[in-house]
**Q** 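Let me begin by handing over the structure; questions about it come next.
All figures in this text were calculated on a predicted structure; none of them were measured in a lab. We name chains A, B, ... by the order of the sequence lines, and we start the count at 1 in each one. The basis for the numbers below is simple: all heavy atoms, side chains too, and nothing from hydrogens, waters or symmetry mates.
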Amino acid sequence: MALTREQMAQRVARELEDGFYVNLGIGIPTLVANYVPDGIDVMLQSENGLLGMGRFPTEEEVDPDMINAGKQTVTARPGAAIFDSAESFAMIRGGHVDLTVLGAFEVDQEGNIASWMVPGKLIKGMGGAMDLVAGAENIICTMTHASKHGESKLLEKCTLPLTGAGCINRVLTDLAYLEIKDGAFHLKERAPGVSVEEIVEKTAGKLIVPDHVPEMTFDA
Amino acid sequence: MSGFDKRVYSYEEAMAGIESGMTVAAGGFGLCGIPENLIAEIKRLGVKDLTVLSNNCGVDGFGLGLLLEDKQISRIYASYVGENALFERQMLDGEIDVILTPQGTLAEKMRAGGAGIPAFYTATGYGTPIGEGKEVRQFNGRHYILEEAFHADFAIVKGWKADRYGNVVYRDTAQNFNPLAATCGKITVVEVEEIVEPGELAPDQIHTPGIYVDRIIQGTFEKRIEKRTVREG
């Protein structure tokens, strides 16, 4: 079975370490915040200028001056810091964020990512994504392994305009967890009940498959 | 001391001198911390052919979206413009020239412009359409593109409190691009919720020192929320 969105978030959350500063993109990455393992403390960075994003507010706590990068109303947790946009991207570009999780349309075996623009469709903009992928050394890309029509999104070379070049080192899809290095995808884990053959079939880029590919496990 | 008194008492005075064809830097992220009354005054004045430097372009009928109604913006540098049907139409019709700019680069262009730095190298956008045609240089084995600073004729800024000398503090994430926009305008206009006496704001807590600020006006704000998201109390 392919992973659900929640399972994808759970799996990514296992990569969190105590004391990590983490930037979570919109969509599945946002859900990662719900699965921070017990005993681990992370600070969420929101690129509009908040380090230490807290929970959504209650109706009484809603404050128009307090939003996240997705423009949702949020709170700041104890120990948070708030700053301007140049400061926010200084910490992003400067490599101070320990882990960035974001979605993508395509990634390729060289670590290129395309996530912001489909030619011929309306282009809304890249927001902070180009800065995030340029600045982080530790990025996990979350995406479906293939399109609805079965076309692989893990490619030899991205076909869409890039968000960043040579910057992605890990990918979690609904089928597999993979690392990107030395010009290839390396299969590390597979979703429960998903065969290596299916992953091979749906990966267009160069894929290195070890003898044993462990199956992910999830609490019921 | 009147030489340092930056207060003005009407929005007409606040935006005096703005003309068609000018470049305007605006603070705000989405609808958070936008200079909503200064934008409304620009709409009222009807100046056209503006170049706007702003992370977003408001929504239909509010914020910078107001300036689309009479086609006052001919060019915008922004990182994300997806919340606005009128904007989409003007973009597709070629009535507005959109230069999509990565968010961090946009902030740094404002900062650099205000800080006397004409251009800077950044890895952001290298190898992407954003890097095309820009000078590339390698430092320590990595590629960077040259991005030029912004200079604006007017900067419009929303603060929380200011004293009459133009020292400004921002509240929570309404800070965002405001302090950066404040530095890169030839004329910087700040609207705030409250003007206080000099000395009431702690000197070491000032976000925008008054040296950057030309005019201060106290206003009232709607502060519209774009995505109200709540948890069960």
**Q** Is it the case that the side chain of T203(A) and the backbone of I199(A) share a donor-acceptor pair, with hydrogens and angles ignored and the cut-off at 3.5 Å?
**A**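 Side chain of T203(A) to backbone of I199(A), a donor-acceptor pair under 3.5 Å: yes, one is there.
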
**Q** What part of I67(A) gets within 4.5 angstrom of chain B, counting heavy atoms only: side chain, backbone, both, or neither?
**A** both

**Q** Taking side chain as everything from C-beta outward and backbone as N, CA, C, O, which of these in N68(A) sits under 4.5 Å from a heavy atom of chain B? Side chain, backbone, both or neither.
**A**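 For N68(A), the contact with chain B is made by the backbone alone.
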
**Q** Picking from Y170(B), Y80(B), F221(B), which has the most non-hydrogen pairs under 4.5 angstrom with chain A?
**A** Y80(B)

**Q** Select one option (side chain, backbone, both, neither) describing which atoms of S88(A) are under 4.5 Å from chain B's heavy atoms.
**A**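 Neither part.
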
**Q** Is it the side chain or the backbone of I123(A) that comes within 4.5 Å of chain B heavy atoms, both, or neither?
**A**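 Both backbone and side chain of I123(A) come within 4.5 Å of chain B.
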
**Q** Is it the case that R11(A) places NZ or CZ above or below the six-membered ring of F218(A), under 6.0 angstrom from the centre and within 45 degrees of the axis?
**A**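 No, R11(A) does not lie over the aromatic ring of F218(A).
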
**Q** Go through G125(B), P179(B), A174(B), P102(B) and name the one with the most non-hydrogen pairs under 4.5 angstrom from chain A.
**A**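 Of the options given, most contacts go to P102(B).
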
**Q** Could you check whether any side-chain heavy atom of P119(A) comes within less than 4.5 Å of a side-chain heavy atom of P161(A), counting everything from C-beta outward?
**A** yes

**Q** Write out all pairs satisfying ring-ring contact (aromatic ring centres under 6.0 Å, His included) with one or both partners inside residues 81-121 of chain B, taking only residues at least two apart or from two chains.
**A** Y121(B)-F139(B)

**Q** Select one option (side chain, backbone, both, neither) describing which atoms of T105(B) are under 4.5 Å from chain A's heavy atoms.
**A**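 Interface part for T105(B): both.
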
**Q** Only pairs of heavy atoms separated by less than 4.5 Å count here; which of T128(B), L106(B), L31(B) has the most with chain A?
**A** T128(B)

**Q** Report the option among V81(B), N176(B), N56(B) that has the most heavy-atom pairs separated by less than 4.5 Å from atoms of chain A.
**A** N176(B)

**Q** Salt-bridge test for K158(B) and E193(B): reply yes if a basic N is under 4.0 Å from a carboxylate O, no otherwise.
**A**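 Result for this pair is yes, salt bridge flagged.
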
**Q** With a 4.5 angstrom heavy-atom cut-off, is it the side chain or the backbone of R228(B) that approaches chain A, or both, or neither?
**A** both

**Q** Report which part of E47(A) has an atom under 4.5 Å of a heavy atom belonging to chain B: side chain, backbone, both, or neither.
**A**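 For E47(A), the contact with chain B is made by backbone and side chain together.
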
**Q** Any side-chain to backbone donor/acceptor pair from Q45(A) onto Y21(A)? Under 3.5 Å, distance only.
**A** no

**Q** Below 4.0 angstrom, N of the basic side chain to O of the carboxylate: do E200(B) and K161(B) qualify?
**A** no

**Q** Do you know which of E226(B), R224(B), E232(B) has the most heavy-atom pairs under 4.5 Å to chain A?
**A**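 Result: the option with the highest number of such pairs is E226(B).
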
**Q** Kindly compute the distance separating CG (L154(A)) from OG1 (T173(A)), expressed to the nearest 0.5 Å.
**A**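 The distance works out to 6.5 Å.
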
**Q** Which bit of M91(B) comes within less than 4.5 Å of chain A, counting heavy atoms only: side chain, backbone, both or neither?
**A** side chain

**Q** Is the shortest distance from a Lys or Arg side-chain nitrogen in R171(B) or D65(A) to a carboxylate oxygen in the other one below 4.0 Å?
**A**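 A salt bridge links R171(B) with D65(A).
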
**Q** With chain B, which of A90(A), P64(A), A76(A) has the greatest number of heavy-atom pairs at distances under 4.5 Å?
**A**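 Looking at each option in turn, the highest pair count goes to P64(A).
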
**Q** I'd like to know which of G164(A), G128(A), G49(A) tops the heavy-atom pair count under 4.5 Å against chain B.
**A**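 Answer, by heavy-atom pair count under 4.5 Å with chain B: G128(A).
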
**Q** Thinking salt bridges, do E151(A) and K202(A) make one under a 4.0 Å N-O criterion?
**A**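 So E151(A) does not pair with K202(A) through a salt bridge.
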
